[in-house]
Amino acid sequence: MYISLEILCGIVITLIAFYCYLTINNNFWKNRGIPGPKPMLGFGNTKKVIFGKESISQFLTRMYNEYKNEPMIGIFKLRTPSLIIKDPDLIKTLLIKEFPKFANRGLFPIFSRDPLTHHLFNLEAERWKPLRTQFTPLFTSSKLKGMFSLILECSNQLESYMDTLIKKREPIDMREVSARFTTDVVGSCAFGIEMNSLSEKESIFRRLGKLIFATNLRKILSIRMQDMLPRLYNLFLYIFRQDEKMRIIMKLMTETMEYREQNNVFRPDFINILLDLKKHPEKIDIELTNDLLASQIFIFFAAGFETSSSTISNALYELALNPDIQEKLRKEIKEFEAKNNGEWRYETIKEMKYLEKVFQETLRKYPSLPFLNRELIDDYTFENNKITIPKDLKIWIPIYGIHHDPDIYPDPEKFDPERFSEDKVKQRHPMHFLPFGHGPRNCIGARFAIYQIKIGLIKILRNFEVHVCNKTLIPYKVNPFTSLLMPITGLYLNVIKLEN
């Protein structure tokens, strides 16, 4: 009896201690006078996200709308306090004015045994800054002009591939077609490799893209473990062998670098920058391991094809739903084609005003990265309300919520390129349109993405009409298991070849 009572007391004490552990931070935001939802025991405010009932972006948008008039909202990711920033001036402070204090992203954990987490998008400021400095010259105007002909070459293959698909007389998944096109563009421009994705046979690089953004059960459980039990996940990495993504990336890097070194091949591209850093490590004040280099290849490949292909397919989806806008854009394309004797040049794309409006409205309605993340490097006190928050605290900027706020963009579900007329753009706060982020840690490849997206749209719309069909995803539904904005299915459209 005595032993049983002792065991019972031990269990009670353990349960009390565990309860205290789960609830110790519950008054974190209340004590600071910042409004927010009450946390649920063990889940904080993210239970729906954990169980796939809504994406993290949908959750942030819901918070944005429920606390409509608040400049900031205190939330809990499990038991950890996080902060949502809504006020555009505060967002500007974070991203630009006080950037050094918020330089870390803090979105994904960085694991010692998972090289692919050590990439430019994810790295802490100490390693991010010198790498960013080395990679920035790759995206200058002169370099982009040099890549332009390569993008055009891929777009010609895109047209041929579309012709092949049309002969099957079936709806075409434009999300898959766009992904194959941008995979080839990134392969050609960044790595000097013909990836051959625009063919009937699926290339290994298209397979790699699908592996990176898969949402199968194994991938979902892996992401949840990374997020909720990072130490246990890192321990598992010592047990399980290298996954297929890493093997493909390492093979790509090793074979490409060895071929160039052995054959004295020079191309002014991303691989050449990595080769130069490997030969001259004194140029950069961080340790350059093969794993770190491979991780940069991973993020340039993944970000380069996925975000651009999503934007192309989302634009085509909206143009199929809005044939009047599609025809207006096609008219502009034909006018510029005639004016330039059928030739497309780097400078020509910049002059196409309506194409730019359609492009921006697509990113407004479907921002590929629907939120931004920052992590405090040191304790910080907000100047406006004198509230102090501690270092390492995660901060969220709900881009999707901002882009769909009817007070900023009236009737936000309507696809209206005229929102981006010069006068209307001037009326809005610059922090109310953030498809590529802002400040020093914005998207490094934004200009490259713009050109491959626009050329892809030009080539498709010049030669084909797109229409909705019985397989078209109406209404558009977001996949709740991804951080990026992705539909739950492919984007199927009827495509008709135009007579020249």
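Please read all numbers here as calculations on a predicted model, not as lab measurements.
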Exercise for review: Applying salt bridge (charged side-chain N to carboxylate O under 4.0 Å, His left out) between Glu54 and each of Lys47, Arg62, Lys48, report the one that passes.
Suggested key: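 Answer to the salt bridge (charged side-chain N to carboxylate O under 4.0 Å, His left out) test with Glu54 among Lys47, Arg62, Lys48: Arg62.
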
**Study point:** Results of ring pair (Phe, Tyr, Trp, His ring centres under 6.0 Å) for Phe371 - residues two or more places apart only
**Key:** Trp396

Point to revise | ring pair (Phe, Tyr, Trp, His ring centres under 6.0 Å) against Phe43, all qualifying residues, sequence neighbours excluded | key: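 Checked Phe43 against ring pair (Phe, Tyr, Trp, His ring centres under 6.0 Å); matches are Phe51.
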
When rounded to the nearest 0.5 angstrom, what is the spacing between [atom1] in [X] and [atom2] in [Y]?
| X | Y | atom1 | atom2 | result |
| --- | --- | --- | --- | --- |
| Ile56 | Thr61 | CD1 | OG1 | 10.0 Å |
| Lys86 | Leu60 | NZ | CG | 11.5 Å |
| Leu363 | Thr311 | CG | OG1 | 4.5 Å |
| Phe59 | Lys77 | CZ | NZ | 10.0 Å |
| Asn385 | Arg32 | CG | CZ | 11.5 Å |
| Tyr451 | Ile349 | OH | CD1 | 7.5 Å |

Pairwise side-chain contact, [X] with [Y], heavy-atom cut-off 4.5 Å (strictly under):
| X | Y | answer |
| --- | --- | --- |
| Leu485 | Leu369 | no |
| Phe191 | Ile297 | yes |
| Cys443 | Phe121 | no |
| Glu422 | Lys426 | yes |
| Pro81 | Lys394 | no |

Within 45 degrees of the ring normal and closer than 6.0 Å to the centroid, is that where the cationic atom of [X] sits relative to [Y]?
| X | Y | value |
| --- | --- | --- |
| Arg207 | Phe205 | no |
| Lys365 | Phe415 | no |
| Arg428 | Phe420 | yes |

Can any side-chain N or O of [X] pair as donor or acceptor with the backbone N or O of [Y] at less than 3.5 Å?
| X | Y | answer |
| --- | --- | --- |
| Asp379 | Lys391 | yes |
| Glu375 | Arg105 | no |
| Thr472 | Tyr492 | yes |
| Glu176 | Gly490 | no |
| Glu361 | Pro417 | no |
| Thr289 | Leu292 | yes |
| Arg127 | His118 | no |
| Ser155 | Leu158 | no |
| Trp29 | Ile75 | yes |
| Ser310 | Glu306 | yes |

Restricting to non-hydrogen atoms, name the atom on [X] and the atom on [Y] that form the minimum distance, rounded to 0.1 Å.
| X | Y | result |
| --- | --- | --- |
| Ile444 | Thr136 | CD1-N, 3.9 Å |
| Val177 | Tyr161 | CG2-CE2, 4.1 Å |
| Leu316 | Val466 | O-CG2, 3.8 Å |
| Gly437 | Leu372 | CA-CD1, 3.9 Å |
| Leu355 | Leu329 | CA-CD1, 3.6 Å |
| Cys189 | Ile151 | SG-CG1, 3.9 Å |

[X] ring center near [Y] ring center (under 6.0 Å):
| X | Y | answer |
| --- | --- | --- |
| Phe382 | Tyr380 | yes |
| Phe99 | Trp128 | yes |
| His404 | Tyr409 | no |

Within a radius of less than 6.0 Å around [atom1] of [X], do more than 12 heavy atoms belonging to other residues, nucleotides or ligands occur?
| X | atom1 | answer |
| --- | --- | --- |
| Leu15 | CG | yes |
| Lys68 | NZ | yes |
| Glu418 | CD | yes |
| Lys210 | NZ | yes |

Between [X] and [Y], do the side chains contain an N or O donor and an N or O acceptor separated by less than 3.5 Å?
| X | Y | value |
| --- | --- | --- |
| Arg175 | Ser309 | no |
| Tyr366 | Glu318 | yes |
| Thr381 | Thr388 | yes |
| Gln452 | Ser308 | yes |

Exercise for review: Under the side chain to side chain contact (heavy atoms under 4.5 Å, CB included) rule, what do Tyr400 and Gln58 come out as? Steps first, then yes or no, please.
Suggested key: CA-CA 8 Å; Tyr400 189 90; Gln58 289 169 323; over 6 Å; no

Practice item. Give the C-alpha distance, both sets of side-chain angles, the deciding distance and a yes or no for side-chain hydrogen bond (donor to acceptor under 3.5 Å, both in side chains) between His432 and Asp405. Key: CA-CA 9 Å; His432 280 158; Asp405 186 337; over 6 Å; no

Check your understanding: Which class fits the ring pair Tyr317 and Tyr476: parallel under 30°, tilted 30 to 60°, perpendicular over 60°?
Key -> perpendicular

Check your understanding: Going through the distances and angles, do His429 and Asp89 end up as a side chain to side chain contact (heavy atoms under 4.5 Å, CB included)?
Key -> CA-CA 9 Å; His429 195 291; Asp89 292 323; 3.0 Å; yes

Review point. Given Met352 and Lys454, is the side chain to side chain contact (heavy atoms under 4.5 Å, CB included) satisfied, shown in steps?
Key: CA-CA 10 Å; Met352 299 177 70; Lys454 288 185 176 180; over 6 Å; no

Practice item. In sequence, state the C-alpha distance, the side-chain angles, and the governing distance for Glu356 and Lys350, and then conclude on salt bridge (charged side-chain N to carboxylate O under 4.0 Å, His left out). Key: CA-CA 8 Å; Glu356 174 67 7; Lys350 296 173 71 174; over 6 Å; no

Review point. Are Leu434 and Ile91 close enough, and set up right, to give a side chain to side chain contact (heavy atoms under 4.5 Å, CB included), and what steps lead you there?
Key: CA-CA 10 Å; Leu434 296 167; Ile91 292 172; 4.1 Å; yes

Review point. Which residue, Asp87, Ile399, Ile397, Ile96, forms the side-chain contact (heavy atoms from CB on, under 4.5 Å) with Met431?
Key: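 Single pass found, and it is Ile96.
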
**Study point:** Derivation and outcome, salt bridge (charged side-chain N to carboxylate O under 4.0 Å, His left out), residues Lys129 and Glu126
**Key:** CA-CA 6 Å; Lys129 188 174 181 180; Glu126 288 78 11; over 6 Å; no

